[in-house]
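Encoded as structure tokens, the structure appears first; notes follow it.
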Amino acid sequence: MKAHKKGKRIMIVVCIIFGAFVLLLLAGAWFLAGFTMSGSRQTLDEAKKWQSDHYDISFFQNLEKQDYTVEGSNGYILHAQLLKNPENSSKYMIISHGYTDNRIGSLKYAKMYLDMGFHCIVYDLRGHGENETTFTTYGILEARDLDLLVKDARERYPDMEILGLHGESLGAATTITVLKYHPEIDFAIADCGFSAIENVLRVGYESANMPSAIFDLADFGARIRYHYSLKDMRPIDSLEGNRIPVLFIHGEKDGLIPPNNSKMMYEKTEGIRKIYIMENAGHAESILEDPVTYQKVVEEFLDELSFF
């Protein structure tokens, strides 16, 4: 009888320990999913200060602007702004910013496109800027939003003859992912985008001396908390059968999203494609590292397409 009671107590202790382990595992997965998909975002003022500290944004103040909203995927409202070119033009660019940034972060590219004669449409990706707080899906819902933004732009600006997309980091991933919807655009430029968020996160964990298997825990958390899998966030898959011209740009010293991501996407796409690796540039720093060369690369690409 004593042995039976002792065995029962041991079983209870084992069950408690196992239950605590499962709860700890679930809590860890929940936290990792939130940390990965719902990080802190900059306000418009914070973004404007960062941009103005790194380059001249005075051109922005004198531009004629038009603020508007667009209904994105599942009725989600996106805040957008047209930066009107002082010269008459039928050319437009939609610029998508990076993770935790907002539409103000797109100004580093807007000046270049304004000089090329484009009107620029900048907007806040879901969960960023003035939009309602929500989680990031690293291109899945963001691409659906962008597809609707493209359709809205075509209707809103009937004078439009040429429409291009430019994205940075998360914005680049969104720009590539939207291609699977065959949007009515003429070209796309993807700067420092990831081919799949999985390889970026695994490399990040390893760089922080953490096991890359933590990604699987974060993916599990994403599935139960947000009902999306991190493993499905693969912009590269959208390039199969693509016929829209794409220019890939990546910083040689990008430690966050290694340039091999752009190289893999360059190899994957079947349409007109070009790639340029900017020397000495870190993540999202190519245009700041060498703006003259950056603009030259873009101009040559558009010139080959007869859009410049």
Side-chain angles (χ1 to χ4, degrees), residues 11-42 71-78 96-102 124-148 167 169-181 193-240 256-258 261 264-265:
M11 183 60 68
I12 291 173
V13 171
V14 169
C15 289
I16 291 174
I17 293 174
F18 178 75
F21 174 76
V22 171
L23 288 175
L24 185 63
L25 196 67
L26 288 172
W30 190 273
F31 169 80
L32 283 170
F35 180 79
T36 303
M37 300 171 67
S38 300
S40 61
R41 273 65 158 155
Q42 293 186 76
E71 186 174 310
S73 179
N74 301 324
Y76 186 84
I77 302 301
L78 303 163
S96 301
H97 62 78
Y99 186 54
T100 75
D101 209 340
N102 52 58
D124 297 325
L125 275 72
R126 61 173 46 228
H128 293 76
E130 292 186 305
N131 297 336
E132 182 180 347
T133 300
T134 190
F135 57 93
T136 294
T137 59
Y138 292 104
I140 296 178
L141 293 177
E142 291 79 6
R144 296 177 193 172
D145 292 339
L146 182 54
D147 186 43
L148 292 169
S169 194
L170 170 61
T174 300
T175 295
I176 295 301
T177 304
V178 79
L179 298 181
K180 70 179 179 181
Y181 298 118
F194 52 84
S195 59
I197 196 61
E198 179 174 359
N199 69 63
V200 174
L201 293 177
R202 287 192 187 276
V203 169
Y205 293 139
E206 290 174 351
S207 297
N209 296 316
M210 301 168 67
S212 67
I214 288 180
F215 171 83
D216 298 299
L217 187 60
D219 179 59
F220 176 66
R223 290 170 184 265
I224 61 175
R225 183 170 182 175
Y226 301 116
H227 312 296
Y228 286 93
S229 170
L230 293 171
K231 294 180 179 179
D232 292 336
M233 300 171 191
R234 295 175 47 84
I236 192 170
D237 294 341
S238 301
L239 289 168
E240 187 172 350
L256 181 63
I257 302 177
N261 282 267
M264 288 189 291
M265 290 191 287

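Position 1 is the first residue of the sequence, and the numbers go up from there.
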dist Phe31:CZ -> Leu217:CG (nearest 0.5 Å) comes out at 11.0 Å
Tyr228 meets the side chain to side chain donor-acceptor pair (under 3.5 Å) criterion, sequence neighbours left out, with none
His97 side chain near Gln42 side chain, heavy-atom distance below 4.5 Å: no
Taken to the nearest 0.5 Å, the spacing of Glu142 CD from Leu78 CG works out to 10.0 Å
Checking the side chain of Asp101 only, and the main-chain atoms of Gly98 only, is there a donor and an acceptor separated by less than 3.5 Å? no
Less than 3.5 Å apart, which donor and acceptor atoms pair up between the side chains of residues 203-215 and the rest of the protein, not counting sequence neighbours?
unit_1	atom_1	unit_2	atom_2	d
Ser207	OG	Val203	O	2.9

Angle between ring planes, Tyr99 versus Tyr138, binned at 30° and 60°: parallel, tilted or perpendicular? tilted
- Query: Side chains of Asp237 and Glu240: does their closest heavy-atom pair fall under 4.5 Å?
  - Reply: no
Sorted by chain and residue number, the salt bridge (Lys or Arg N to Asp or Glu O under 4.0 Å) partners of Arg225 (sequence neighbours excluded) come out as none
dist Asn261:CG -> Ile197:CD1 (nearest 0.5 Å) comes out at 8.5 Å
When every non-hydrogen atom of Gly139 is compared with those of Thr177, the smallest separation belongs to O-CG2, 3.4 Å
Of all heavy-atom pairs linking Met265 and Gly193, the shortest is CE-O, 3.8 Å
Partner of Arg126 under side chain to side chain donor-acceptor pair (under 3.5 Å), picked from Thr134, Asp145, Asn74, is Asp145
NE2 of His128 to OG1 of Thr136, rounded to nearest 0.5 Å, is 4.5 Å
All heavy atoms of Phe135 vs all of Arg41, minimum pair found to be C-NH2, 4.3 Å
For Ala29 and Phe220 the tightest heavy-atom approach is CB-CD2, 3.8 Å
Discussion item. Are the side chains of Ile176 and Leu239 in contact, using a 4.5 Å heavy-atom criterion?
Written reply: yes
With the side chain counted from C-beta on, respond yes when Asp216 and Arg202 share a heavy-atom pair under 4.5 Å apart, and no when they do not.
-> yes
Side chain proximity check, Leu148 to Glu71, heavy atoms < 4.5 angstrom:
no
What one should report as the nearest heavy-atom pair of Ala33 and Gly221 is CB-C, 3.4 Å
One should read off an interatomic distance between Asp124 CG and Asn131 CG, to the nearest 0.5 angstrom, of 5.0 Å
Kindly say whether Ser229 contributes a backbone atom to a donor-acceptor pair with the side chain of Asp219 at under 3.5 angstrom?
no
Output for pair (Arg144 CZ, Thr137 OG1), nearest 0.5 Å, gives 7.5 Å
Taking every heavy atom of Ile257 against every heavy atom of Ser169, the minimum-distance pair comes out as CD1-OG, 3.7 Å
